[in-house]
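First the structure, in the form of structure tokens, and then the observations on it.
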Protein chains: 2
Amino acid sequence: MSDQNAQLSASLEDYLEAIFRIVSKKSAARGRDIAKALGVRAASVTGALRLLAERKLIHYAPYEVITLTPEGRKEAEKIIQKHEVLKGFFTTLLGLDEDMAEEGACRLEHGLAQPIMERLLAFTEFVQACPRCGEDWRSQFLDRCTARSKPPCAECLTGCQERLRRAATEVKDAVPQPLTEIQPGVKCVVKSIKNRRTVARRLIEMGVQRGTLVEIKRVAPLGDPIAVKVRGYHLSLRLEEAKSIEVVPA
Amino acid sequence: MSDQNAQLSASLEDYLEAIFRIVSKKSAARGRDIAKALGVRAASVTGALRLLAERKLIHYAPYEVITLTPEGRKEAEKIIQKHEVLKGFFTTLLGLDEDMAEEGACRLEHGLAQPIMERLLAFTEFVQACPRCGEDWRSQFLDRCTARSKPPCAECLTGCQERLRRAATEVKDAVPQPLTEIQPGVKCVVKSIKNRRTVARRLIEMGVQRGTLVEIKRVAPLGDPIAVKVRGYHLSLRLEEAKSIEVVPA
DNA sequence: GTCGTATCTTAGGGCTACCTAAAAATGAGC
DNA sequence: GCTCATTTTTAGGTAGCCCTAAGATACGAC
Ligand SMILES: [Mn+2]
Ligand SMILES: [Mn+2]
Ligand SMILES: [Mn+2]
Ligand SMILES: [Mn+2]
């Protein structure tokens with residue numbers, strides 16, 4: 001008689017996460033896919049599915065395909081947000097390679113408390129948005145990782161001063177433009193969200209505000225669905241929604 | 001017949017960590033202390049002690065006091081380094097309070113791979129040593145955590161430029177001084193280590209080099225043992241050892 | 001030395017999360 | 001509609017890690 005309000009174990013979180021990822025691609029998950037994704041035997045999957053169903057996080061009946069309930073989706077998104085925030089920190093700030101970041105994030109995500117994740121996210125966004133940091137700052141750090149013999153960055157200061165001078169005026173003068181004008185791969189900072197009651201409601205619920213970092217991942221050929229990454233979530237916006245978000249490149 | 005070369009479980013790591021901390025204070029640990037430190041019952045401690053003894057990490061015989069073997073101490077130090085590196089990142093960069101940092105670090109330490117920990121340590125030290133960052137940079141970040149409505153730091157740029165100009169000359173001209181001249185609480189960067197073969201050998205084995213950050217924790221009245229924190233380790237240096245380390249304040 | 005309390009160990013049980021082996025269901029091809 | 005390969009489930013077992021209850025040991029007070 002497991003308490004269905006209890007916290008999920010690390011293992012069950014991984015099952016839920018895997019189901020979410022499979023469902024995102026194929027609309028429904030089968031036990032086999034889950035077993036392969038997590039590197040366990042099919043028998044172990046059956047057990048986990050029963051536990052998740054007991055907690056009302058998935059729709060599950062023997063021999064049927066598996067889908068997430070609304071609560072299950074919400075839980076999975078929380079886990080994936082932690083995963084993505086950690087991974088983003090590991091790759092963009094620590095400069096670790098994709099694979100190590102991926103594995104490290106999936107191990108740590110389960111123990112990461114919500115408030116710490118929020119701070120880590122804010123920190124990662126801050127460093128990317130702050131004009132004092134930048135590519136030379138980051139490469140200075142990476143140099144120091146490989147050859148620790150260097151003294152702290154006396155050389156990088158001069159280049160920085162120049163860039164700062166430019167940034168000081170640019171930041172003030174930057175003209176906000178709708179998200180639809182931004183090229184894929186570019187990171188930008190939200191300046192304002194129009195139509196708060198209607199189109200942009202989802203964004204606001206997710207914690208996207210003035211100051212939040214948005215990364216454009218993909219723009220579909222005929223413009224319609226725009227894939228963006230915000231606060232660890234990957235989501236696709238309709239053209240209309242994207243138009244009501246004004247940003248400046250970071 | 002548990003494989004004694006296998007990785008320690010998170011639970012056993014916590015036992016080992018607790019034993020190290022107790023032994024550091026009282027020279028030997030008793031089951032009771034461990035139980036209290038970890039919030040478990042004495043019966044659970046006995047089981048864990050048997051497992052640690054099987055792996056030759058502690059000296060244990062029923063009803064006797066518990067001490068660490070050299071291998072046990074080495075393992076415990078690795079765990080505590082991870083703990084301290086995470087905690088240092090949480091407090092000094094993310095600005096989290098002591099308690100949350102402590103708890104968060106102790107949850108995450110077990111899943112943190114060595115190379116990620118190294119990077120995180122390097123990053124934390126880099127930010128503290130880099131003259132581009134500083135108190136105003138950090139407080140700018142903390143402002144943004146509490147009130148996310150702010151645009152990215154247009155105001156902090158002017159103050160930064162002034163500080164940069166000063167730093168640019170200071171960094172070049174900074175005169176290295178022996179660690180013994182530094183006041184408690186001050187963080188500084190290692191410039192050189194003299195007598196590499198003899199006194200400073202321990203430090204070099206720990207990975208302390210030119211560029212490493214050292215924090216002075218405490219100087220005993222008559223000068224002799226100086227407590228410092230380097231790379232997540234708390235250690236005490238003899239006056240003689242400390243003299244052979246030349247540093248500049250960060 | 002005996003007593004009593006604090007401490008530690010043993011015995012037995014629950015829960016999670018894996019496994020293997022074997023049985024059952026599914027469904028595509030004929 | 002039957003057959004057979006694939007997938008899923010059941011049954012039964014192991015290991016880790018915690019618990020309670022009860023028995024064993026240690027040690028200071030008398
Ligand atoms: Mn995971
Ligand atoms: Mn994950
Ligand atoms: Mn821990
Ligand atoms: Mn710890």
May I have the list of side-chain donor-acceptor pairs in residues 62-70 of chain B shorter than 3.5 Å, sequence neighbours left out?
| from | atom 1 | to | atom 2 | distance (Å) |
| --- | --- | --- | --- | --- |
| B/Thr69 | OG1 | B/Lys56 | O | 2.8 |
| B/Thr69 | OG1 | B/Leu57 | O | 3.1 |
| B/Thr69 | OG1 | B/Gly72 | N | 3.0 |

**OP:** With a 4.0 Å heavy-atom cut-off, tell me which residues in residues 20-38 of chain B come close to DNA chain D, sorted by residue number.
**Re:**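 Listed by number, there are none.
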Original post:
Taking DNA chain D as the partner, which of residues 104-111 of chain A come within under 4.0 angstrom of it by heavy atom?
Top reply: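 Those residues whose heavy atoms fall under 4.0 Å from DNA chain D, taken from residues 104-111 of chain A, amount to none.
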Would you tabulate the pairs of protein nitrogen or oxygen atoms and nucleotide nitrogen or oxygen atoms of nucleotides 18-20 of chain D closer than 3.5 angstrom?
| from | atom 1 | to | atom 2 | distance (Å) |
| --- | --- | --- | --- | --- |
| D/dC18 | OP2 | B/Ser11 | OG | 3.1 |
| D/dC18 | OP2 | B/Tyr15 | OH | 3.3 |
| D/dC19 | OP2 | B/Arg41 | N | 3.0 |
| D/dC19 | OP2 | B/Ser44 | OG | 2.5 |
| D/dT20 | OP2 | B/Arg41 | NH1 | 3.4 |

Could you tabulate the donor-acceptor pairs under 3.5 Å formed by side-chain atoms of residues 24-42 of chain A, not counting sequence neighbours?
| from | atom 1 | to | atom 2 | distance (Å) |
| --- | --- | --- | --- | --- |
| A/Ser24 | OG | A/Phe20 | O | 2.8 |
| A/Asp33 | OD2 | A/Arg30 | N | 3.3 |

**OP:** With sequence neighbours left out, write down each residue that passes salt bridge (charged side-chain N to carboxylate O under 4.0 Å, His left out) with B/Arg196, or none if nothing qualifies.
**Re:** none
Subject >> salt bridge (charged side-chain N to carboxylate O under 4.0 Å, His left out) against B/Lys229, all qualifying residues, sequence neighbours excluded >> reply: B/Glu84
**OP:** Let me have a per-nucleotide readout for nucleotides 23-28 of chain C, 5' to 3', with B, S or -, counting only protein heavy atoms under 4.0 Å.
**Re:** -BSS--
Original post:
In whole Å, what is the span from the CG atom of A/Leu49 to the P atom of D/dT7?
Top reply: 16 Å
Subject >> With sequence neighbours excluded, residues passing ring-ring contact (aromatic ring centres under 6.0 Å, His included) with B/Tyr233 >> reply: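 For B/Tyr233, no residue satisfies ring-ring contact (aromatic ring centres under 6.0 Å, His included) once neighbours in sequence are set aside.
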Check: residues 93-108 of chain B side-chain donor-acceptor pairs under 3.5 Å, at least two apart:
| from | atom 1 | to | atom 2 | distance (Å) |
| --- | --- | --- | --- | --- |
| B/Asp97 | OD1 | B/Asp99 | N | 3.1 |
| B/Asp97 | OD1 | B/Met100 | N | 3.0 |
| B/Glu98 | OE2 | B/Lys87 | NZ | 3.2 |
| B/Glu102 | OE1 | B/Lys87 | NZ | 2.9 |
| B/Glu102 | OE2 | B/His83 | NE2 | 3.0 |
| B/Glu103 | OE2 | B/Arg107 | NE | 3.2 |

Original post:
With sequence neighbours left out, what residues match A/Glu13 under side-chain contact (heavy atoms from CB on, under 4.5 Å)?
Top reply: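 side-chain contact (heavy atoms from CB on, under 4.5 Å) check on A/Glu13 returns A/Leu8, A/Ile79, A/His110.
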**OP:** Mind checking side-chain contact (heavy atoms from CB on, under 4.5 Å) for A/Arg201 and listing every partner two or more places apart, or none if nothing turns up?
**Re:**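 If we apply the side-chain contact (heavy atoms from CB on, under 4.5 Å) test to A/Arg201, skipping adjacent residues, the hits are A/Glu205.
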